[in-house]
Amino acid sequence: MTEIDLLDGLKAETAEALKDFRLRSAKDNLIPVNIYTQNLPLKEGKEDEKQYPYVCICFDESEIADITASKMVSVYFIIGIIDRVKDKQGFRDVIQIEELISQHIFRKGIVAGAFRPEYPFRNFVQPEDTYPYFIGGIESRWEMPVIREEDRFI
């Protein structure tokens, strides 16, 4: 199992967590949340906002602290939505998406048959005013099995 397997597993679990969740698109239609790994797709023009609403699941880093430790993998989720309502409450949808994903992951326990979520899990929203765009995210750590050296003398 690799970090790529983790990203693919998290994409599938995020899709499951958000399967019934819909938001208004830039053109005011109810649509599902787009889910991407590592990067957003290229825009086709200056006004292209088809990628919204989205969750982008990104590999950050991995580390094995010592010879007996599991590999720890850091993954972050970026959540972006467009909400043109002038009350500027789009952050509420971002928080709801974060909660749906986090709750689903902790209910599931192990993702893709090999990856266990570790604490802390951190949710946040962007503090700057970027209306009509609202951004938030999740920082997460995952325990991943490590392949150990074979004992050639057994």
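Everything numeric in this text was worked out from a predicted model, so none of it was measured.
Using modelled atom types, no side-chain atom of R122 and backbone atom of Y119 make a donor-acceptor pair closer than 3.5 Å. No donor-acceptor distance shorter than 3.5 angstrom exists from the side chain of Y76 to the backbone of D60, with no hydrogens or angles considered. Distance alone, capped at 3.5 Å, places no donor-acceptor pair between the D8 side chain and the D5 backbone.
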Test log, rule side-chain contact (heavy atoms from CB on, under 4.5 Å), inputs E139 and F124: CA-CA 9 Å; E139 292 178 357; F124 57 91; 4.0 Å; yes
Test side-chain contact (heavy atoms from CB on, under 4.5 Å) applied to I57 and V75, step by step: CA-CA 7 Å; I57 305 161; V75 173; 3.7 Å; yes
Check the pair F121, I138 against side-chain contact (heavy atoms from CB on, under 4.5 Å), reporting the backbone distance first and the verdict last. CA-CA 7 Å; F121 243 64; I138 302 169; 3.8 Å; yes
Using side-chain contact (heavy atoms from CB on, under 4.5 Å), reason through L7 and Q38 one step at a time and then give a plain yes or no. CA-CA 8 Å; L7 289 178; Q38 205 62 30; 4.0 Å; yes
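Atom CG of residue L40 and atom CD1 of residue I78 lie 7.0 Å apart, to the nearest 0.5 angstrom. Rounded to the nearest 0.5 Å, atoms NZ (K19) and OG1 (T14) are 13.5 Å apart. Here F91 contributes atom CZ and I135 contributes atom CD1; the two are 14.5 Å apart, rounded to the nearest 0.5 Å. Taken from CZ in F134 to CZ in R92, the straight-line distance is 11.0 Å, to the nearest 0.5 Å. One distance of note links SG of C56 with CD1 of I35; it measures 10.5 Å at 0.5 Å rounding. Atom CD in E3 sits 11.0 Å away from atom CE in M1 (nearest 0.5 Å).
Remark: Y54 engages Y52 in a ring pair (Phe, Tyr, Trp, His ring centres under 6.0 Å) (not counting sequence neighbours). Under the salt bridge (Lys or Arg N to Asp or Glu O under 4.0 Å) criterion, D20 pairs with no residue, sequence neighbours left out. Partners of E143 by side chain to side chain contact (heavy atoms under 4.5 Å, CB included), not counting sequence neighbours, listed by chain and number: S70, M72, R116, E118. With sequence neighbours left out, the salt bridge (Lys or Arg N to Asp or Glu O under 4.0 Å) criterion links K11 to no other residue.
For P32 against P53, the heavy-atom pair with the smallest separation is O-CG, 4.0 Å. What you find for A112 and G9 is that their closest heavy atoms are CB-CA, 4.1 Å. Scanning all heavy atoms of the two residues, the minimum distance from S62 to V73 falls at CB-CG2, 4.0 Å. Annotation for V111 and L10: closest pair CG1-N, 3.9 Å, computed over non-hydrogen atoms. Closest of all the heavy-atom pairs between F77 and S140 is CE1-OG, 3.7 Å. Scanning all heavy atoms of the two residues, the minimum distance from K50 to Y36 falls at O-OH, 4.5 Å.
Apart from V146 itself, the hydrophobic cluster it occupies contains I64, where clustering links Ile, Leu, Val, Met, Phe, Trp and Tyr at side-chain heavy-atom distances under 4.5 Å.
The shortest distance between side-chain heavy atoms of F115 and I110 does not fall below 4.5 Å.
Environment of CG in L30: crowded, with over 12 heavy atoms of neighbouring residues, nucleotides or ligands closer than 6.0 Å.
In the hydrophobic clustering of this structure, F59 groups with M144; members are Ile, Leu, Val, Met, Phe, Trp, Tyr whose side-chain heavy atoms approach within less than 4.5 Å, directly or through other members.
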For residues 94-109, which side-chain donor-acceptor pairs fall under 3.5 Å, sequence neighbours excluded?
from : atom 1 : to   : atom 2 : distance (Å)
E98  : OE2    : G137 : N      : 3.0
E99  : OE1    : Q103 : NE2    : 3.1
E99  : OE2    : N123 : ND2    : 3.4
S102 : OG     : E98  : O      : 3.1
H104 : NE2    : E13  : OE1    : 2.6
K108 : NZ     : E13  : OE2    : 3.3

